[in-house]
Amino acid sequence: MREIPNKYEWQDAENRINDKWNKKEIYKFDINSKKIYSIDSPPPTMSGNMHMGHAFSFSQMDFIARYKRMRGFSVFFPFGTDDNGLPTAKLVEKMKNVKSSKMERGDFVKLCHSTINELRDAFIQGWKNIGISADWSLSYSTIDLHSQKISQKSFIDLYKMGREYRMEAPYIWCPTCQTAIAQIELQDKELDSSFNDLAFTLKDGKDAIISTTRPELLPACVALFAHPDDKRYKKLEGTTAKVPIFGHDVTVLLDERVDPEKGTGLVMCCTFGDQTDIEWFKAHKLPLRVAITKDGKMTKIAGKYEGMQIKEARKIIIEDLEKAGILKSSKKITHSVNVHERCDTEIEILKTSQWFIKYLDLKKEFIDAGKKINWYPEYMRTRYDNWINGLQWDWCISMQRSFGIPFPVWYCKKCGEINVADESQLPVDPLTDKPKNKCKCGSSDFEPDRDVMNTWATSTLTPQIAIGLIDDKDAMKKLFPMDLRTQAHDIITLWLFNTVVKSMFHENNIPWKNTMISGFALDSHGKKMSKSKGNVIEPSTVLQKYPADALRFWASESKLGDDMSYQEKDIKTGLKFVTKMWNASKFAFIHLEDYKPKKIKVTNTIDKWILSKMTDTIKTCTEAFDEYQYSKSKRAFENFFWQDLCDNYLEIAKDRLYNPDKYPKGSKESAHYTLYKVLLACVKLIAPITPYISEEIYQIFFKENEKSESVHITAWPEIEKDLIDKTSEKSGDIACSIIGAVRKYKSIQNVSMNQPIKKIRISCSDELKDLIDTVSEDIQNTVKAETLEFKDDCDIECNGYDIKLGFDM
RNA sequence: GGGCCGGUGGUCUAGUUGGUUAUGACGUUGCCCUUACAAGGCGAAGAUCGCCAGUUCAAAUCUGGCUCGGCCCACCA
């Protein structure tokens, strides 16, 4: 045993311990282990700094990883980063001050890769700094060649299964980013607008007034709609109306999707203003009129407005309508519109050619798959089910961008046939590579697919990507399905669901047996942290002032699935715990300096009491961890450690440890045995949550006897049935209660706890008297009472028991 | 508008198969330098458990309605 510093210097300790873990490969995964536990963790997006939510949810999964490791599993815990696609491209454009649209595609892609490489190590360091016990030799990026290969193979397999098709369809389009975007990338934004009533001219010369916020879509108008039950308009069904300014004729139609209460009850349908327009377009087989270009300008059909930006055109058209007397009224409104979350641009719906994965026919299978997964917490499954039940569109996986994983596809210039790459070519870039074979029409003149897959097409393959890192031909057999997916609740519908989809297609199995869903870290007012609100706190800032253990301790407070607000005071609580742990251990080290653990008979009731309580705590912590309830485990541990062990046991045992001669022979040995055993259990029980202080204490004191290189690969404490002793537990509890009463008495008398008292008087039943007899000496010595006697003239309450007390100073 | 989750001392939070005095922390406050810890210890004050109704001998806990907050979805002419 080496010299014990008075204070725990956490900065120094954490660096030293990180080095040790690294050097000794404590978290190295062994595929040949008989017991394997595998974790599919979310690859964080490199386009932002590590934020509190990351620290929060990754700490929580690390609690589980560390617990399982101590339960004897070799833990497969790889770490990925998501550096694929649009977020990275945006970051690079901003950092390097370039525009991908103004660069050679190959140059931009190269710049993206080199930027990722510049940033990657520092980014990952953030996770190392909070003590994540991933096997860092198993790292992947969602854009690396390994991921590209798997992603492209997934595409080819699905294509061959007939699950993928490319089709022209109305889809969400961002005019700024000039790409199709996923529904999940939409955000609601409250914007000012005007709700304009304008007049279409009916065949009989009368006006038909419609209300719209988007008069610039008039050239794209293809019909007018009214509700079938709307008496005002029903008779107009089938008549034609002339579109103001633009002059083409459209028909008045009836459809139940019209809200008669809204505006004038008559609405124009444009291709495309919103989702309903798409539905009408399909249901009524309407013509297509495109008024907006891919870069957000007016098209030729807009006549003199051609080439104008959408908003500019809207303004001028309203002015023109007003001049012409067509604008009947206009009122200012605020309404929410869909914008692209990354650039805040109002989205458009354009008919473009995209790749889709066909899956709407399999809703039932997906819901059944969800039932085979154990959800923690259970209620999160409902979100998954609801999402599937509400699905209406196939999954669009293409984007019109330059940076991303290309589709392994060429189109035959002669016959138009789709030619997919041969598996042996992967990863492939159709822009620079050629197909292995001629087209079946005999031509070898090809046009490459210029799109890239969106990030979700790849990130839904993390189980396959992660397992692919293992150099073992049976890796898939050994690791799939994985044991656990961890993620936050906001992307159940997207990431979790679509991973199940891919897994069902490719492996015909669920991707993992369990899923653990975490909440968010919110700011101190319970609001989501976001850059625009300026309320973001980064873990790196916290770690300058507090140990990683304190941050993790905070993360362990939250019940699984619940959001938690971040307040610095809660991190302080974590620091206080670390300090307490250190000090209590220091006390033990002083008394156990020459102690060698060996099994002895425990003689003292108070020792039996704490050992029995410890057994109880181990049971609670183990059961809680098995249900992924780390916060329950932590709470049980904390109560035991702080209240039972520190506040009571150590205080009671102190006298026996310093003055063993006052006690029967063997008392000191009994205390030594107990103290060692209990402290070791404590260090282990909290090791998953506060790995650094636990490791430090283990290294200084326990390693010598326990042999394992690290506390994190020692065995989780076992329940020893022979330590359960309910009678001693009750005696000990009563002793603590009596000691508490004396402390309170001394406190009210404003005297030091050291102040001796002459006599403790106790009145209680004979049954309780027998229990108290076994601990009376400990009570007396702990509170420095000269005598203790059973008498009937007492009136002070003894908390929780039918006992009355009296004290004579 | 729909789904799921939550509302507990000033602040954060445990407890929800109904049953003595509702857990812990931060903050406030009194005392105490006590051979681990003043970054501490021992006490104290502070909660009609979001609101209303119901079931029950008994409700923080169960039921219904309302309200506020979070996430997801829909709407957004």
Side-chain angles (χ1 to χ4, degrees), chain A residues 4 6-8 183-184 188-191 193 195-196 210-214 217 224-225 257-259 262-270 273-277 333-338 377 379-387 389-392 488-494 519-520 522 524-528 557-559 561-570 572-591 631-632 635 638-639 642-643 646-647 650-651 654 657-658 739-740 742-755 784 797 799-800:
Chain A
I4 306 150
N6 198 37
K7 269 177 77 178
Y8 171 59
Q183 213 182 324
I184 195 77
D188 282 352
K189 196 175 179 186
E190 288 291 324
L191 287 177
S193 183
F195 202 32
N196 308 290
I210 61 111
S211 305
T212 182
T213 54
R214 301 203 55 188
L217 286 178
L224 294 185
F225 278 97
R257 279 164 278 212
V258 178
D259 176 4
K262 199 154 187 174
T264 59
L266 194 63
V267 56
M268 69 169 179
C269 168
C270 307
D274 61 22
Q275 296 278 356
T276 320
D277 288 342
I333 56 160
T334 311
H335 67 161
S336 73
V337 293
N338 282 139
Y379 63 75
M380 291 292 184
R381 186 213 314 275
T382 312
R383 296 195 186 187
Y384 172 91
D385 290 348
N386 288 345
W387 168 257
N389 286 326
L391 270 180
Q392 295 199 40
H489 55 65
D490 57 335
I491 49 175
I492 288 173
T493 53
L494 194 81
F520 292 137
L522 307 174
S524 57
H525 305 289
K527 301 280 172 210
K528 201 172 171 178
E557 289 278 335
S558 138
K559 211 164 65 171
D562 274 11
D563 297 345
M564 195 164 66
S565 65
Y566 169 83
Q567 301 201 65
E568 188 171 339
K569 69 180 183 62
D570 295 327
K572 279 186 188 154
T573 305
L575 174 59
K576 282 169 82 166
F577 168 75
V578 169
T579 306
K580 189 75 174 176
M581 190 85 200
W582 178 254
N583 286 321
S585 301
K586 218 166 60 185
F587 173 83
F589 299 162
I590 291 164
H591 293 284
S631 64
K632 204 169 168 185
R635 202 167 276 272
E638 203 183 3
N639 282 341
W642 210 297
Q643 290 166 25
C646 293
D647 290 350
L650 295 185
E651 291 302 326
K654 207 176 252 179
L657 288 161
Y658 280 111
I739 291 165
V742 181
R743 283 167 173 167
K744 185 169 173 176
Y745 182 75
K746 285 185 180 178
S747 199
I748 291 166
Q749 303 294 320
N750 284 357
V751 298
S752 151
M753 290 300 142
N754 247 359
Q755 177 84 32
K784 307 201 187 314
E797 294 276 337
N799 202 10

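The shown structure was predicted, so the numbers you read here are calculated from the model rather than taken from an experiment. Excluded from the calculations below are hydrogen atoms, water molecules and symmetry mates; all remaining heavy atoms, backbone and side chain alike, are included. The chains referred to below are lettered A, B, ... by the order of the sequence lines, with proteins before strands, and numbering in each begins at 1.
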| task | Please state how far atom CG in N639(A) lies from atom P in A22(B), giving the value in whole angstrom units. | result | 17 Å
| task | For H489(A), enumerate each residue passing the ring-ring contact (aromatic ring centres under 6.0 Å, His included) test, keeping only those at least two apart in sequence or located in another chain. | result | F520(A)
| query | From the list A77(B), G70(B), G15(B), which nucleotide is the closest neighbour of the side chain of K559(A)? | reply | G15(B)
| said: It should be established whether K744(A) places a side-chain nitrogen or oxygen under 4.0 Å from OP1 or OP2 of nucleotide A44(B). | reply: yes
| What does A77(B) pair with, Watson-Crick or G-U, if both distances are under 3.5 Å? | none
| task | For A59(B) and U13(B), measure between their P atoms and round to the nearest Å. | result | 26 Å
| Separation of atom CZ in R381(A) from atom P in C4(B), rounded to whole Å | 14 Å
Polar atom pairs (N or O), protein with nucleotides 28-30 of chain B, under 3.5 Å:
residue : atom : partner : partner atom : Å
G30(B)  : N2   : S747(A) : OG           : 2.9

| Ignoring hydrogens and angles, are the base of C37(B) and the side chain of K580(A) linked by a donor-acceptor pair under 3.5 Å? | yes
| message | Does the structure show a Watson-Crick or G-U wobble partner for C4(B), both distances under 3.5 Å? Name it, or say none. | response | G70(B)
| d(CD, E651(A); P, G41(B)) in whole Å | 10 Å
| task | Please tell me which of the listed nucleotides, C42(B), A77(B), U23(B), lies nearest to the side chain of D259(A)? | result | A77(B)
| message | Please enumerate all residues that pass ring-ring contact (aromatic ring centres under 6.0 Å, His included) together with W642(A), with sequence neighbours excluded. | response | none
| request: Indicate, with a heavy-atom threshold strictly under 4.0 Å, whether G740(A) touches base, sugar-phosphate, or nothing. | output: sugar-phosphate
| Nearest-angstrom distance, C1' atom, G65(B) to C75(B) | 26 Å
| task | Check F195(A) against T213(A) and note the closest heavy-atom contact, atom names and distance. | result | CD1-CG2, 3.6 Å
| query | Within the structure shown, what part of the strands sits under 4.0 Å from W582(A) by heavy-atom distance: base, sugar-phosphate, or nothing? | reply | nothing
| said: So, using side-chain contact (heavy atoms from CB on, under 4.5 Å) as the criterion, who are the partners of N750(A) when residues are at least two apart? | reply: none
| Integer angstrom distance from the C1' of C33(B) to that of G70(B) | 48 Å
| message | Counting the atoms with a prime plus P, OP1 and OP2 as sugar-phosphate, which does N338(A) contact under 4.0 Å by heavy atoms, base, sugar-phosphate, or nothing? | response | base
| task | Would you mind classifying the nucleic acid contact of C269(A) as base, sugar-phosphate or nothing, using non-hydrogen atoms under 4.0 angstrom? | result | nothing
| With sugar-phosphate meaning primed atoms plus P, OP1 and OP2, does Q643(A) contact a base, only sugar-phosphate, or nothing at under 4.0 Å between heavy atoms? | sugar-phosphate
| query | Taking CE from M564(A) and C1' from U13(B), how many angstroms apart are they, rounded to a whole number? | reply | 9 Å
| task | Give one of base, sugar-phosphate or nothing for D647(A), where a contact means two heavy atoms less than 4.0 Å apart. | result | sugar-phosphate
| task | Answer with base, sugar-phosphate or nothing: what part of the nucleic acid does K746(A) contact at a heavy-atom distance below 4.0 Å? | result | nothing
| Closest to side chain of R743(A), choosing from C26(B), G43(B), C73(B) | G43(B)
| Protein-nucleotide distance (K262(A), atom NZ; C75(B), atom P), rounded to Å | 11 Å
| request: For U21(B) and G9(B), measure between their C1' atoms and round to the nearest Å. | output: 16 Å
| Paired nucleotide for C42(B) [Watson-Crick or G-U wobble; both distances under 3.5 Å] | G30(B)
| task | When you get a sec, tell me which of G15(B), A77(B), C72(B) is the closest nucleotide to the side chain of T212(A)? | result | A77(B)
| Base, sugar-phosphate, or nothing for R383(A), non-hydrogen atoms under 4.0 angstrom? | base
| note | Out of C37(B), A77(B), C72(B), minimum distance to the side chain of D490(A) belongs to C72(B)
| Are side-chain heavy atoms of L217(A) and T212(A) found at a separation under 4.5 Å? | no
| task | Nearest whole angstrom, please: distance from the P of U13(B) to the NZ of K632(A). | result | 19 Å
| request: Assign T276(A) to base, sugar-phosphate, or nothing according to its heavy-atom contacts below 4.0 angstrom with the strands shown. | output: sugar-phosphate
| Considering every strand shown, what is the Watson-Crick or G-U wobble mate of A25(B) when both distances are under 3.5 Å? | U11(B)
| field | Separation of the C1' atoms in A60(B) and G7(B), to the nearest angstrom | value | 11 Å
| message | If I take atom CG from residue D385(A) and atom CE from residue M380(A), how far apart are they, to the nearest 0.5 angstrom? | response | 13.5 Å
| message | Walk me through whether E651(A) and K654(A) qualify under salt bridge (charged side-chain N to carboxylate O under 4.0 Å, His left out). | response | CA-CA 5 Å; E651(A) 291 302 326; K654(A) 207 176 252 179; 3.3 Å; yes
| Contact class for K572(A) vs. all strands (heavy atom < 4.0 Å): base, sugar-phosphate, or nothing? | nothing
| remark: Applying side-chain hydrogen bond (donor to acceptor under 3.5 Å, both in side chains) to N196(A) and not counting sequence neighbours gives S194(A), S330(A)
| said: In whole Å, I'd like the distance from the CD atom of Q755(A) to the P atom of C42(B). | reply: 18 Å
| request: Report yes if the side chains of K580(A) and C646(A) come closer than 4.5 Å at any heavy-atom pair, otherwise no. | output: yes
| field | Separation of atom CH2 in W642(A) from atom C1' in C37(B), rounded to whole Å | value | 9 Å
| said: Using the side-chain hydrogen bond (donor to acceptor under 3.5 Å, both in side chains) criterion, which residues pair with N583(A)? Sequence neighbours excluded. | reply: K586(A)
| Phosphate OP1/OP2 of G70(B): any H489(A) side-chain N/O under 4.0 Å | no
